[in-house]
Amino acid sequence: MEKLLTLWEGSGLYNLTFGQAVMILVGLVLLYLAIAKKFEPLLLVPIGFGGILANIPEAGLAISALDQAIEVARPAVLQQMAAALGATLDPLAGEEAWRATLKALVDNGAAPDQIRAARDIAVNVGYGDGLLYVFYSLAVASGIAPLLIFMGVGAMTDFGPLLANPRTLFLGAAAQFGIFATLFGAVGMSALGWMDFSIEQAAAIGIIGGADGPTSIYVSSVLAPELLGAIAVAAYAYMALVPMLQPPIMKLLTTRKERAIAMTQLRPVSKLEKIAFPLLLLMLVALFLPDAAPLLGMFCFGNLMRECGVVERLTDTAQNALINIVTIVLGLAVGSRLMAESFLALETLGIMALGMVAFAIGTAAGVLMAKLMNLVSRMPINPLIGAAGVSAVPMAARVANKVGLESNPHNFLLMHAMGPNVAGVIGSAVAAGVMIKYLG
């Protein structure tokens, strides 16, 4: 009977908390949206599944060896780790108080060498880093996964529409206004006492407005790793909802006549221009904003492989096998941050709300910039392509084309919208560099 009781007390069902049950349900909802509704399935499937794995009680898949030991180790081990951390545990306090004390020391008070000593004790008694924790350390904490995805995106990107119509660069830049507007919004909410966001956290939240998942993950891993899960889910959720969120904003800010504006055919772009552009872009970034060089450097490298025409095997790997593998690892790593104790907080609702505001402002700013350019330009621009300035490639461009066809069945805006769409990727990377430079 005693063995059966021990087996029951060690089961996941016995140790399941309400928060973990809620987060497992959240993971299932993400899987439903990805599978049934086709909302960014390449990312939401691994993120949702990773979230479920991270909240399985007693499994420890998303935490380090030290955290696992603090949660479940015997009292004798806890005392050894306390000695390594330079603390003394009150013999009259219960085990839960001891664990809370050790957790607080690890999170806030202990020196790095003390944490390493405590971790060695945990490893020596048989605890190890969880699988998802290893994925997070290798892929996200190091910053390598978002950069590799940017390389793959660069290998799939055609700069031709942007080079054929350089004016669209301004539309991509205008759409980044949502990032900085949301930064100030988050700071304002904290000043009013509604939320408690630091300036670094506000900057990481603002990047959601660029509708660029890898950039959001990269910036949050640098500036606010504790908010990574909520920021990543918000970024990819709003990317998936582009076809629902953007059309009402686009129609609200334009007339039917403006939406029916036909744009002239794009000029052909030479191969030399396509090869030279990523090199020139990288040089400009390296000279003026080195902090954006990691993101834009990998983006430009991937694009150069595509356009030079002499490394087809490398281009194919970057476009397919490599980006697919990294996407799996990145998704599971992000899912590991969906743990109940960090995700189920009022700040998460604030992040989702601010992300929506950032996305809406970015869309509106792109449309309004196009309308402003029409006042000074001899060649009219359909304002709808301004909404494609957010970085959701190529979904935002497709939405602009679809809304345009509703007003003019003969008006095909897809290639015109790809110009600001690609410019938005560049703009969000530059905005990320600015944030990291001043706040990192």
Side-chain angles (χ1 to χ4, degrees), residues 157 159 161-185 206-213 215-216 235 238-261 263 266 354-377 379-407 411-432 434:
T157 298
F159 281 126
L162 176 61
L163 294 173
N165 191 2
R167 297 179 302 164
T168 57
L169 187 64
F170 293 104
L171 303 179
Q176 309 314 309
F177 182 73
I179 293 175
F180 297 98
T182 305
L183 166 61
F184 295 121
I207 291 292
I208 297 173
D212 191 332
T215 304
S216 298
Y238 293 138
M239 286 175 64
L241 293 174
V242 163
M244 296 173 59
L245 298 177
Q246 281 198 320
I249 300 172
M250 296 159 72
K251 292 177 180 178
L252 178 66
L253 297 176
T254 58
T255 64
R256 185 176 183 86
K257 182 179 179 181
E258 288 175 324
R259 295 195 294 273
I261 292 175
M263 298 182 64
L266 297 175
L354 286 169
M356 173 75 79
V357 172
F359 185 77
I361 292 176
T363 299
V367 173
L368 294 175
M369 174 59 77
K371 291 167 70 81
L372 179 62
M373 291 173 65
N374 275 337
L375 298 178
V376 297
S377 174
M379 296 179 61
I381 297 174
N382 191 310
L384 295 177
I385 72 170
V390 297
S391 305
V393 180
M395 194 179 300
R398 290 174 179 165
V399 170
N401 182 65
K402 181 176 181 293
V403 176
L405 287 173
E406 291 174 1
S407 298
N411 194 14
F412 295 94
L413 298 173
L414 182 61
M415 293 311 297
H416 298 283
M418 283 303 298
N421 210 187
V422 173
V425 177
I426 299 172
S428 65
V430 171
V434 172

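What you see is a predicted model, and the numbers here were worked out from it, not measured in a lab.
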**Asked** Out of L266, L414, T168, which one pairs with P161 under the side-chain contact (heavy atoms from CB on, under 4.5 Å) rule?
**Response** L266

**Prompt:** Could you go step by step and tell me if L372 and L368 meet the side-chain contact (heavy atoms from CB on, under 4.5 Å) rule?
**Reply:** CA-CA 6 Å; L372 179 62; L368 294 175; over 6 Å; no

**Asked** Less than 4.5 Å apart, any side-chain heavy atom of T157 and any of V425?
**Response** no

**Message:** Just so I know, are the side chains of I385 and V367 near enough to count as touching, which here means a heavy-atom distance under 4.5 Å?
**Reply:** no

**Message:** How about NZ on K402, more than 12 heavy atoms from neighbouring residues, nucleotides or ligands closer than 6.0 Å, or not?
**Reply:** no

**Prompt:** How close do N421 and A396 get, heavy atom to heavy atom, and via which atoms?
**Reply:** ND2-CB, 4.0 Å

**Message:** With heavy-atom distances below 4.5 Å as the criterion, would you say the side chains of N401 and H416 are in contact?
**Reply:** no

**Request:** Run the numbers on M418 and V393 for side-chain contact (heavy atoms from CB on, under 4.5 Å), then give the verdict.
**Result:** CA-CA 8 Å; M418 283 303 298; V393 180; 4.1 Å; yes

**Asked** How many angstroms lie between CZ in R398 and CG in L413, if you round to the nearest 0.5 Å?
**Response** 15.0 Å

**Message:** Taking the side chain as everything from C-beta on, heavy atoms only, tell me whether F359 gets closer than 4.5 Å to Q246.
**Reply:** yes

**Fill in**
All heavy atoms of V242 vs all of P247, minimum pair found to be O-CD, 3.7 Å

**A370 to P383 - nearest heavy-atom pair and separation** = CB-CA, 3.5 Å

**Item:** Considering all heavy atoms, the nearest A423-G172 contact
**Value:** CB-CA, 3.9 Å

**Message:** Is the shortest side-chain heavy-atom distance between T363 and V390 below 4.5 Å?
**Reply:** yes

**Request:** Considering non-hydrogen atoms only, spot the tightest contact between M250 and T254 and give its length.
**Result:** O-OG1, 2.6 Å

**Asked** Quick one: does M373's side chain get under 4.5 Å of L171's, heavy atoms only?
**Response** yes

**Prompt:** Can you check side-chain contact (heavy atoms from CB on, under 4.5 Å) on T182 and I208, steps first, answer last?
**Reply:** CA-CA 9 Å; T182 305; I208 297 173; over 6 Å; no

**Prompt:** Under 4.0 Å between a Lys/Arg side-chain N and an Asp/Glu carboxylate O for K251 and E406?
**Reply:** yes

**Item:** Taking every non-hydrogen atom, the tightest pair across G213 and A235
**Value:** CA-CB, 4.3 Å

**Request:** Decide yes or no for N382 and N411: does some side-chain heavy atom of the first lie under 4.5 Å from some side-chain heavy atom of the second?
**Result:** yes

**Prompt:** side-chain contact (heavy atoms from CB on, under 4.5 Å) between T255 and R259: does it pass, once the steps are laid out?
**Reply:** CA-CA 6 Å; T255 64; R259 295 195 294 273; 5.7 Å; no

